[in-house]
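Written out below as structure tokens is the structure these notes cover.
Model, not experiment: these values are computed from the prediction. In what follows, chains are A, B, ... by sequence order, proteins preceding strands, each numbered from 1.
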Amino acid sequence: MAFITCSGASFGYETGVAVSDLDFAVNRGDYLCIVGENGSGKSTLIRGILRLKEPVTGRMQTGDDLKPDEIGYLPQQTVVQKDFPAGVFEVALSGRQNRRGFIPFYGKRDKQAALQNLERLGVAELKNRCYRELSGGQQQRVLLARALCATEKLLLLDEPVSGLDPLATSELYGLIETLNRKEGLTIVMVSHDIRSAVEYASHILHLGNKQLFFGKTADYLETPLCKRFLGGEKS
Amino acid sequence: MIAIITEMLSYTFLVRALIVGLLVSLCASLLGASLVLKRYSMIGDGLSHVGFGALAISLATGTAPLTLSIPIVGVSAVFLLRISESSKIKGDAAIALISTSSLALGAIIIALTTGMNMDVCNFMFGSILAMSVADVRLSVALSSVVIVLYIVFYNKIFAVTFDETFSRAVGTKAGVYNMLLAILTAITIVLGMRMMGALLISALIIFPSLASMRICKRFKSVIICSAIVALSAFCVGIVLSYWYSLPTGASVVVVNLIIFIAFSCINLIRGGLRKS
């Protein structure tokens with residue numbers, strides 16, 4: 001059984017169906033990129049994967065020992081966070097918020113885990129800094145550390161490089177690749193950046209209000225869809 | 001200075017006011033940071049106006065003010081939260097609608113029953129004499145509940161304030177904690193309203209946290225700093241109001257304003273130093 005299995009699912013709002021005909025699976029160790037234009041249903045699908053939204057038809061299941069709340073999520077930054085007075089360590093630690101069931105306070109192990117994950121992403125020396133004073137790339141690493149505090153299995157990244165400069169972008173892609181290849185984490189990433197998607201990902205899911213393609217990246221590169229999408233970016 | 005304070009403490013009504021005021025200030029400052037950061041500060045303001053309407057009803061019907069206001073304001077808190085979460089109606093406009101309507105209703109009820117008298121003025125701007133012994137008991141009990149709940153759920157409240165979507169994704173019931181915040185805010189506002197005044201109580205929520213956010217870099221230090229700011233502002237405010245015969249609520253707000261300006265200056269000077 002795969003981590004995430006989506007069979008014949010569609011998601012929508014009161015105003016209509018946002019994305020339909022979804023048939024894909026995410027297996028342990030995969031690196032799936034979800035691509036598509038604005039309004040193609042990517043954000044809706046994310047809400048579906050996170051179980052914040054139930055499918056209108058079909059099914060969205062988690063399996064292979066992955067519980068629905070074991071998805072480490074890296075959301076897009078909100079306006080609130082830009083001027084939020086939080087310490088880096090506080091942010092990372094909040095990834096452990098549901099690890100202790102009904103006990104409302106963090107223990108020693110939670111604090112160690114937060115510190116280890118900050119180290120893993122190379123931002124441990126920032127742990128006493130204020131989150132809002134960090135650069136965009138550093139903030140993303142801190143949020144990634146928080147996501148890793150929540151899970152060791154699957155990361156769901158929503159446009160992780162948007163707003164980053166080219167150097168920070170390639171560093172973050174490198175980091176995510178390491179987490180996938182060396183540490184065996186499963187990655188699901190939503191991205192605008194089709195070039196990097198085909199460069200790094202093992203699988204591609206192309207959306208256009210319905211599923212246009214799902215399969216291995218190598219197969220995707222052969223499709224007219226991909227050529228048009230890549231070519232369209234050039235002009 | 002010490003002579004003034006001992007003189008003040010010899011009046012039992014002032015001691016009562018001091019106990020309730022300090023507890024309410026503490027509750028308000030704890031809740032303030034989350035409310036301000038979640039862009040909920042207008043809910044506090046809206047609730048205090050609803051509270052005015054509730055006080056008017058209790059005056060007209062002769063019921064005890066707190067026992068009637070707490071449920072009314074609590075229900076309104078839940079309602080206001082729902083409105084500001086739904087995207088269909090603009091949250092701030094809806095809050096303005098509700099707060100002005102309750103003010104209007106309150107004014108009409110008062111005009112039809114007792115008429116605009118000193119009591120009404122006290123509702124608006126607060127009165128140091130408002131606290132009876134029963135009120136003090138209720139205030140101590142309820143504000144202890146607010147403080148204990150806040151401390152127990154502190155980590156969750158921080159997580160939900162910082163990033164609600166992430167919290168929901170890892171299985172935290174964010175809606176429950178938003179509701180908790182709204183209800184605790186309602187309790188705090190009702191408890192403090194008659195001393196601080198319906199028009200001024202939301203300052204207790206907003207000012208200490210806004211001031212602390214100028215100078216603190218961590219959420220925990222923001223909370224601790226705003227608690228200290230709120231408690232000291234209340235003490236200084238009440239002494240000033242006694243000494244110069246000023247209205248208590250207004251004096252406390254002005255002290256808060258001065259602290260806010262001072263902290264903003266510190267922040268500006270720090271920023272300037274860092275650049276140069």
Atom of T186(A), atom of N180(A) and distance for their closest heavy-atom approach: CA-ND2, 4.5 Å

Engaged part of V91(A) at the chain B interface, taking heavy atoms whose separation is under 4.5 Å: both

Value rounded to 0.5 Å, distance of CD1 in I34(A) from NZ in K42(A): 9.5 Å

Over 12 foreign heavy atoms within 6.0 Å of CZ, R132(A): yes

N/O donor-acceptor pair under 3.5 Å between S209(B) side chain and A33(B) backbone: yes

Shortest non-hydrogen contact between C225(B) and I215(B), atoms and distance: SG-CD1, 4.2 Å

Among Q81(A), R129(A), R146(A), residue most engaged with chain B (heavy-atom pairs, under 4.5 Å): R146(A)

Heavy-atom pairs under 4.5 Å with chain A, option from I151(B), T172(B), V222(B) with the top count: T172(B)

Candidates I43(B), T185(B), L181(B), I183(B) - the one meeting side-chain contact (heavy atoms from CB on, under 4.5 Å) with L81(B): I43(B)

Region of R96(A) that comes under 4.5 Å of a non-hydrogen atom in chain B: neither

Any residue of residues 155-165 of chain B which, by heavy atoms, sits under 4.5 Å from chain A: N155(B), K156(B), F158(B), A159(B), T161(B), F162(B), D163(B), T165(B)

Interface moiety of I71(A) toward chain B, non-hydrogen atoms closer than 4.5 Å: backbone

Residue among D23(A), L22(A), L32(A) satisfying side-chain contact (heavy atoms from CB on, under 4.5 Å) with F214(A): L32(A)

Y106(A), part contacting chain B, at a heavy-atom distance under 4.5 Å: both

Which atom of A182(B) lies closest to which atom of L47(B), heavy atoms considered: O-CD1, 4.4 Å

Part of S167(B) within contact of chain A (heavy atom distance under 4.5 Å): both

Heavy-atom proximity to chain B below 4.5 Å, by part of E133(A): side chain

Part of K38(B) lying under 4.5 Å from any heavy atom of chain A: neither

When G72(A), A147(A), P85(A), C130(A) are compared by non-hydrogen pairs under 4.5 Å with chain B, the top option: P85(A)

Polar side-chain atom of R39(B) near backbone of L37(B) as donor-acceptor pair, under 3.5 Å: yes

Short side-chain to backbone donor-acceptor contact, T151(A) and E70(A), under 3.5 Å: yes

Test: K53(A) cationic atom under 6.0 Å from Y13(A) six-membered ring centre, within 45° of axis: yes

Proximity breakdown for V152(B) and chain A, heavy-atom pairs closer than 4.5 Å: both

Heavy-atom contact with chain B under 4.5 Å, split by part of L74(A): neither

Presence of salt bridge, R120(A) and E183(A), under 4.0 angstrom: yes

